[in-house]
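Values below: every heavy atom of this structure, side chains too, minus hydrogens, waters and symmetry copies. Bear in mind that the values here come from a model prediction, so they are computed numbers and not experimental data. Position 1 is the first residue of the sequence, and the numbers go up from there.
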Amino acid sequence: MDVLARAHALEAAGRRVIHMEIGEPDFTATPQVVEAAVRALRDGRTAYTAALGLPALRESIASYYGIFYSKKIAPDRIAITSGASGGLLLTLALYVDPGDEVLVPDPGYPGYRHMVRAFEGVARALKVSPDTGFQPTLEAVRAAWGPRTKVLLLGSPSNPTGTLISPTELRNIAKFVAARGGVLIVDEIYQGLAYGEPAACALGLPGEVAVVNSFSKYFCMTGWRLGWVVLPNVRGNARMREFEKLAQHLFICAPSVAQHAALACFEPASLAILEERRREFGRRRDFLVPALERAGLRVPVWPTGAFYVYASCPAKMDGRRFALRLLEREGVAATPGVDFGANGTRGCVRFAYTCGMADLEEAAGRLARFVAAEIRPRARGAAASAAARGARARRAP
């Protein structure tokens, strides 16, 4: 957040900043969605909806899962929420009691641990590494699971690393969590933004599995504040009634105009536009990863989803210092790795490829210039100092 605040201050002073720190698509809602919103406003469809959302929208989402993911989901398992953040909050409110432990990936989305604490739960870091594609493994979950652990919360595609968990690993983890009477919450808000193999969908896995999704990322509707949750079909769908009561008291309902507009997301013309945008994100990724590596950064795991590249800074530079100096010197904003946890994040930085190719190309040039001017001379100086110390040591009696 320090980088974002400073970037805005520089822009207010007249500097041009290339924003690669914000997890927000540069594309807006499709024309079909905009037109549907205009119609809703003109027709006066602005009143509260049911707490769980418009029945037509819940049905459309259920059909979407059937067509694109071969998942048969009853609409009454789907709740429309005020963004994925609202969905995560309601889901954690449903499952987390004071003192319950929730395993969250580190590095991972920082909101997870703060949301857990909001309900007096204990967020326990689950270390993930490049060796496992920055995703949890069954072995890691088994080792971390304790007597007070109740929930595992993971994201795939993930923020900040843009990696996907394998379907086999996800199923094995789900079986383990189910055998211990726990809950698996899977954040799929970047579902749809995958390049190559599609991201595994957690629906249909064994045990009590809740899936959170959003209209913000793939559907490019960030400010519309609309998401959804698919709850497990257990205990006669009693969970949904509990969820509904929480929604009524905490949010009343998701924004009504946004719900009416989102129905147009599933029109063929709208989906065609969204798929072309996904391919464009893939082209940007294919440009940015090699560009970062040419500049001297290291990308430990090639991202296969979302719109992020998680990289190691050159010359073991501190990621926060790197991001702030890159912003000051070259006007390129990126997010320090420490914003996403404490597990090996200090020397890392996240770049979002949520700007057009012209900006990405300019940012790559600025970054290369920054590394050449700022980092490489320091690395050469450090090497020379080390060589001098070695020479003195060799001369010593």
Side-chain angles (χ1 to χ4, degrees), residues 1-10 15-23 105-110 125 127-131 133-134 158-163 284-285 287-303 306-355 359-390:
M1 298 306 292
D2 290 344
V3 171
L4 180 60
R6 182 57 184 155
H8 287 160
L10 290 174
R15 287 279 301 276
R16 169 167 147 72
V17 174
I18 300 176
H19 289 278
M20 302 180 71
E21 82 282 29
I22 302 173
D106 184 357
Y109 175 58
K127 293 182 179 180
V128 294
S129 71
D131 294 339
F134 288 115
S158 73
N159 177 10
T161 62
T163 62
R284 295 176 185 182
R285 178 204 62 168
F287 166 80
L288 183 60
V289 173
L292 292 175
E293 292 182 328
R294 285 194 300 270
L297 287 81
R298 186 175 69 89
V299 180
V301 180
W302 187 281
F307 34 60
Y308 304 118
V309 182
Y310 189 68
S312 299
C313 299
K316 298 182 179 179
M317 188 175 183
D318 176 83
R320 186 173 184 277
R321 174 181 170 84
F322 180 94
L324 288 171
R325 290 187 69 83
L326 175 63
L327 176 61
E328 294 290 343
R329 288 180 63 101
E330 295 292 347
V332 175
T335 306
V338 291
D339 284 8
F340 304 101
N343 175 37
T345 58
R346 185 173 180 181
C348 297
V349 65
R350 187 199 74 178
F351 294 89
Y353 43 95
T354 50
C355 51
D359 279 348
L360 285 182
E361 290 169 357
E362 184 176 348
R366 294 185 185 190
L367 180 63
R369 185 169 61 210
F370 170 76
V371 172
E374 178 94 3
I375 308 282
R376 287 173 181 158
R378 182 182 291 110
R380 287 195 294 268
S385 298
R389 288 194 299 272

Side-chain touch [X]/[Y], heavy atoms, less than 4.5 angstrom:
X	Y	result
L297	L367	yes
R350	N159	yes
T161	P303	no
H19	C355	no

Worksheet entry | With sequence neighbours excluded, residues passing ring-ring contact (aromatic ring centres under 6.0 Å, His included) with Y310 | F134

Quick one: closest heavy-atom pair of [X] and [Y], and the distance?
X	Y	answer
A291	A364	CB-CB, 3.9 Å
G331	R15	N-NH2, 3.4 Å
L327	A7	CD2-N, 3.7 Å
A363	I18	N-CD1, 3.7 Å
A323	P336	CB-CG, 3.9 Å
Y308	S158	CD1-O, 4.1 Å

Item to complete: Could you name each residue pair satisfying side-chain hydrogen bond (donor to acceptor under 3.5 Å, both in side chains) that touches residues 332-346, not counting sequence neighbours?
Response: D318-R346

Discussion item. Parallel, tilted or perpendicular, judged at 30° and 60°: which one describes the rings of F322 and F370?
Written reply: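 Correct class here is perpendicular.
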
Discussion item. Within a 6.0 Å radius of atom CZ on R320, are there more than 12 heavy atoms belonging to other residues, nucleotides or ligands?
Written reply: no

Worksheet item: Does a sphere of radius 6.0 Å around OH in Y109 hold more than 12 heavy atoms from other residues, nucleotides or ligands, not counting ones at 6.0 Å or beyond?
Response: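 Open: at most 12 neighbouring heavy atoms sit under 6.0 Å from OH of Y109.
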
My understanding is that only residues two or more places apart in sequence, or in another chain, count here; which of them pass side-chain hydrogen bond (donor to acceptor under 3.5 Å, both in side chains) with [X]?
X	result
R6	E328
Y353	none
E362	R16, R366
D106	none

Discussion item. Nearest 0.5 Å, please: how far is CD in E361 from CG in L288?
Written reply: 11.0 Å

Worksheet item: What's the spacing between R284 CZ and F351 CZ if we round to 0.5 Å?
Response: 16.0 Å

Discussion item. For R298, run the side-chain contact (heavy atoms from CB on, under 4.5 Å) check against S312, P130, C348 and tell me which one passes.
Written reply: S312

